Each structure stands twice: as structure tokens, then as C-alpha cells.
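The next block holds one structure in the form of C-alpha cells; read it before the comments.
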Number of protein chains: 2
Amino acid sequence: MTTQAQDNGFCCADHSGAANVAAILAAAEARARATGARLTPVRRRVLEILLQAHGALGAYDVLEKLSAEGFGSQPPVAYRALNFLVDQGLAHRIRRLNAFTACAHPGQDHRAAFLICESCDSVTEADAGAVSAALDQAAKAAGFDLARATIEAVGQCSACREAAR
Amino acid sequence: MTTQAQDNGFCCADHSGAANVAAILAAAEARARATGARLTPVRRRVLEILLQAHGALGAYDVLEKLSAEGFGSQPPVAYRALNFLVDQGLAHRIRRLNAFTACAHPGQDHRAAFLICESCDSVTEADAGAVSAALDQAAKAAGFDLARATIEAVGQCSACREAAR
DNA sequence: TTATCTAACGTTATATCATAACAGTCAAGG
DNA sequence: CCTTGACTGTTATGATATAACGTTAGATAA
């Protein structure tokens with residue numbers, strides 16, 4: 001199984017368009033320098049791959065591309081770069097899909113929720129402000145000290161719903 | 001790795017105590033009969049195993065127990081029973097842990113959030129009413145037709161926080 | 001400059017999680 | 001009785017993820 005959505009010229013959900021890629025990469029590099037993190041060639045390329053992808057990519061999807069470009073060909077190469085990006089807040093892991101996606105709002109300290117379309121496999125990062133607040137509240141009520149959360153919704157995006165009518 | 005929390009006589013979080021197991025099983029059976037679903041021996045036993053476990057169990061943890069008791073010894077045996085229970089609303093899948101847990105409130109049409117303790121591996125099912133409402137709202141704002149959602153929080157439960165002080 | 005140190009890379013090997021496909025079993029209904 | 005369909009169990013394989021270790025390359029100190 002590949003997790004990559006079809007690049008058929010039609011794009012369901014709003015995502016980081018190619019036009020933004022360069023800007024986000026530059027911002028990522030600036031941010032990395034500032035924090036002492038090293039955005040190495042593999043890591044940079046993985047971020048680029050995620051930014052250019054429609055939908056989320058599995059680690060092995062990423063690995064395949066890396067391998068074809070002369071980077072290492074074994075799973076740890078992809079997983080290490082992906083985990084680095086997640087740690088840096090430059091990417092998110094979508095557990096429901098066993099996949100990764102570039103962060104749409106890097107640099108901002110935000111909690112995200114993901115809207116996963118079952119029709120076109122697109123993954124949209126939604127603002128989870130209110131959801132997060134409610135979850136904080138629920139955790140507090142249970143006496144639970146919340147560190148971080150995964151919020152993933154599955155359904156159909158607006159474009160696909162329109163198309164289905 | 002095993003996903004089962006230690007059964008050390010100390011239990012961090014409130015969970016389905018042994019006293020409730022019989023009652024929940026009976027309710028599950030009644031419900032199954034009502035809907036035409038068949039709570040067969042394997043399925044019933046898997047539910048029982050989940051109910052008695054502290055924390056969530058991986059499919060292979062469950063399989064090991066089944067196998068030791070004379071049921072089938074191959075992965076599909078566990079996965080089929082677990083998926084049945086999830087479909088029936090008798091169990092939940094915790095994606096973050098690649099594990100399953102018995103539903104604390106079977107029969108009620110509820111949306112659940114899970115509070116996962118990193119110290120003791122306990123998994124508590126919290127009421128996700130408000131969280132769910134906020135998520136519905138966020139989805140609506142994005143024009144997304146929400147079918148179902150995964151809400152999983154990671155942190156430290158109250159008992160472990162107390163113990164750590 | 002050169003020696004040294006460390007983070008990152010790439011590899012081999014293996015662990016862990018999950019499902020496809022098919023054969024045998026058994027209870028319910030014709 | 002016989003068919004039917006749901007369930008169980010099996011073999012086999014696929015998909016996801018990490019441990020461990022040697023090598024490389026960039027930074028730092030001498």
C-alpha cells in the first residue's frame with residue numbers, strides 16, 4: 001500500500017502549494033539555525049518531499065524517493081529524518097495513517113487537529129484551539145496532566161462531497 | 001515489547017474493576033442478542049481479557065492468552081475478535097499504542113477521548129462531549145463532513161503525579 | 001593545521017503490527 | 001437431509017518500525 005494521494009491534477013483540500021515550499025523551507029532553515037538544530041540535506045529534502053506531497057506520506061514512500069536520489073535506502077534513514085522534523089515542529093505524524101505530513105504553520109506554538117478525507121486521502125491541518133481547550137478541561141477534570149495530544153478526524157472533505165453530489 | 005501495564009496490585013487510574021466485568025459481559029451479551037451480533041466464545045473471552053487488563057493490550061498480547069487457552073494461535077484470530085468488538089462499540093482501538101481497550105461505557109452512543117499515562121501505561125476513557133463538540137465546530141468551519149475521530153492525550157495520571165511528588 | 005569529539009548517516013539485521021486468502025466447522029432455515 | 005452463511009483456524013506474506021554498529025563529516029580545541 002502506498003499512502004500517497006494521487007497527483008491527478010485535481011486537489012481536494014487546501015494544502016501547502018508549491019509556491020509556499022521555498023518560503024517554508026527558508027523559514028525552517030532560519031529557525032533551525034536559531035535553535036542550533038541542523039537541517040541537513042536529507043532532512044531538508046524530506047521536508048521538501050512532505051511539502052510537495054498531496055496528503056500524508058508513509059515513511060517508506062519517503063524512503064523510496066530518498067533512495068532514488070542517492071540518499072540511504074534503509075528505513076532508519078527515513079525514520080530519523082521524519083522524527084527530527086516532528087521533534088522540531090516542522091512535520092506531524094498522522095497515526096491513523098501511519099504517515100507524516102509537513103506542518104502547515106511551522107514555528108507557531110499550536111496544537112493541531114487533522115481532517116482526513118476518506119475519498120481523496122487529503123490531510124488538512126485545522127486549528128485545534130477550541131478543541132484543545134476542551135481537552136485540557138476534560139483532562140483537568142480527570143486530574144490528568146496533559147503533555148500532548150493526537151486529534152484526528154476522519155470523514156469527507158468539502159471538495160469530495162461536492163464532487164459526489 | 002508488551003503493551004500490558006504491570007499488574008502490581010497498585011492501579012493508577014480508575015478502570016473497569018473486576019467487579020464490573022461480569023455485569024459488562026452480561027450487558028454485552030444482551031446487546032449482541034438484540035442486534036443480531038454473535039458474541040462467540042473467542043469474542044467473549046477477548047472482551048473479558050480486555051476488561052480484566054490494566055491499560056490497553058496489543059493484539060499479540062491478547063493472542064498469546066487466547067493461544068494458551070486453546071483458541072487459535074495465529075494473528076487473524078485476535079484481530080478478528082478485536083475488530084468485531086470495536087465495530088460493536090464494546091472496545092476501542094488506541095492508535096498511539098497500537099493497542100485495544102474495553103469500552104468503559106458500552107451501549108451508550110458516546111465519543112470518547114483517551115488519557116494515556118506515560119508512567120504507568122494506564123488508559124482512561126474520558127468523556128469527550130465538549131471536545132467532540134469543538135471538533136465538530138472546527139470541521140464544520142473547514143467544510144469537512146466528520147464521520148468519526150480519534151482523540152488521544154498523553155501525559156501523567158493523577159496517581160502517578162502524586163506518587164512522583 | 002592537526003587532533004579530537006560528536007552528531008548524523010548508512011548499513012545489516014530483526015522486531016513488531018496487520019491482513020490476504022483459503023479450508024474446515026457448525027448452527028439455522030429450507 | 002442439504003444448503004447456506006457466518007465463524008474459526010491456518011499458511012503465508014505484507015507493512016511498519018527500531019536496535020546496534022561502523023563510517024563520515026562538521027565543529028572545536030590544541
Side-chain angles (χ1 to χ4, degrees), chain A residues 1-4 28-29 32-33 35-47 49-50 56-88 90-101 121 150, chain B residues 1-4 29 32-33 35-47 49-50 56-88 90-101 121 150 152:
Chain A
M1 180 196 80
T2 178
T3 324
Q4 178 171 26
E29 256 169 41
R33 257 194 305 278
T35 63
R38 289 170 53 193
L39 193 60
T40 62
V42 214
R43 291 168 174 176
R44 188 194 149 95
R45 183 65 189 122
V46 170
L47 177 54
I49 289 169
L50 291 181
L57 295 183
Y60 283 74
D61 294 328
V62 171
L63 179 59
E64 199 176 339
K65 290 175 190 281
L66 289 178
S67 179
E69 295 173 14
F71 291 101
S73 61
Q74 300 305 315
V77 172
Y79 282 102
R80 279 195 293 240
L82 289 165
N83 287 330
F84 169 86
L85 295 174
V86 170
D87 288 345
Q88 298 295 312
L90 296 169
H92 296 284
R93 185 172 200 151
I94 311 294
R95 305 210 85 107
R96 179 146 217 134
L97 302 176
N98 291 325
F100 300 81
T101 188
D121 291 333
T150 301
Chain B
M1 182 197 80
T2 175
T3 323
Q4 179 172 26
E29 256 168 43
R33 257 194 305 279
T35 63
R38 289 170 54 193
L39 192 61
T40 62
V42 215
R43 291 169 175 177
R44 189 194 148 96
R45 183 65 188 122
V46 170
L47 177 53
I49 288 170
L50 291 182
L57 294 183
Y60 281 73
D61 294 329
V62 171
L63 179 59
E64 198 176 338
K65 290 174 189 283
L66 290 178
S67 180
E69 296 172 14
F71 291 101
S73 61
Q74 300 305 315
V77 171
Y79 280 103
R80 278 195 294 238
L82 288 165
N83 286 330
F84 169 86
L85 294 174
V86 170
D87 288 346
Q88 297 295 313
L90 295 169
H92 297 285
R93 185 171 203 152
I94 311 294
R95 305 209 85 107
R96 180 148 216 134
L97 302 176
N98 290 324
F100 299 82
T101 189
D121 290 333
T150 301
E152 296 171 2

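To find a chain, count down the sequence lines: A is the first, B the second, and so on, and within it residues start at 1. Computed from a predicted model, the values in this text were never measured in an experiment.
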Nearest-nucleotide check on DNA chain C, P75(A) vs A81(A); residue mapping nearer the 5' end is A81(A)
In short, salt bridge (charged side-chain N to carboxylate O under 4.0 Å, His left out) pairs touching residues 67-84 of chain B with sequence neighbours left out are R45(B)-E69(B)
Distance col, row D61(B):CG vs L50(B):CG, nearest 0.5 angstrom, shows 10.0 Å
Rounded to whole Å, the CZ-P distance (F71(A) to dT11(C)) equals 12 Å
- Query: Looking across every strand, which nucleic acid part, if any, lies under 4.0 Å from R95(A) by heavy atom: base, sugar-phosphate, or nothing?
  - Reply: nothing
Separation of dC9(C) atom C1' from L63(A) atom CG, nearest Å, is 13 Å
By salt bridge (charged side-chain N to carboxylate O under 4.0 Å, His left out), R43(A) pairs with (sequence neighbours left out) none
On DNA chain D, more 5' by nearest nucleotide between Q74(B) and V42(B) is V42(B)
Query raised in the report: For S73(B) and dT10(D), is the shortest distance between a side-chain N/O and OP1 or OP2 below 4.0 Å?
Result: yes
When rounded to whole Å, the CZ to P distance for the pair R43(A) and dG26(D) reads 14 Å
Sorted by chain and residue number, the side-chain hydrogen bond (donor to acceptor under 3.5 Å, both in side chains) partners of R95(B) (sequence neighbours excluded) come out as none
In whole angstroms, the gap separating C1' of dA17(D) from CG of D61(A) amounts to 15 Å
Hey, does the side chain of N98(B) come within less than 4.0 Å of dA18(C)'s phosphate (OP1/OP2), counting only N and O?
yes
Among the nucleotides dC7(D), dT11(C), dA18(C), whichever has the atom closest to the side chain of R93(B) is dA18(C)
- Do the side chain of Y60(B) and the base of dA15(C) come within less than 3.5 angstrom through a donor-acceptor pair of N or O atoms? no
Q | Distance below 4.0 Å between Y79(B) side-chain N/O and dA18(C) OP1 or OP2 | A | yes
Here the distance between atom C1' of dA17(D) and atom CG of N83(A), to the nearest Å, is 9 Å
L82(B) atom CG is separated from dT19(C) atom P, nearest whole Å, by 11 Å
Applying side-chain contact (heavy atoms from CB on, under 4.5 Å) to Q88(A) and not counting sequence neighbours gives T35(A), A37(A), F84(A), L90(A)
When rounded to whole Å, the CD to C1' distance for the pair E64(A) and dG14(D) reads 15 Å
By salt bridge (charged side-chain N to carboxylate O under 4.0 Å, His left out), R93(B) pairs with (sequence neighbours left out) none
For nucleotides 20-30 of chain C, 5' to 3', base contacts (B), sugar-phosphate-only contacts (S) and non-contacts (-) with protein non-hydrogen atoms under 4.0 Å give BB---------
Here the distance between atom P of dT10(D) and atom CG of L66(B), to the nearest Å, is 11 Å
Given the options L57(A), I49(A), V46(A), L82(A), F100(A) meets side-chain contact (heavy atoms from CB on, under 4.5 Å) only with L82(A)
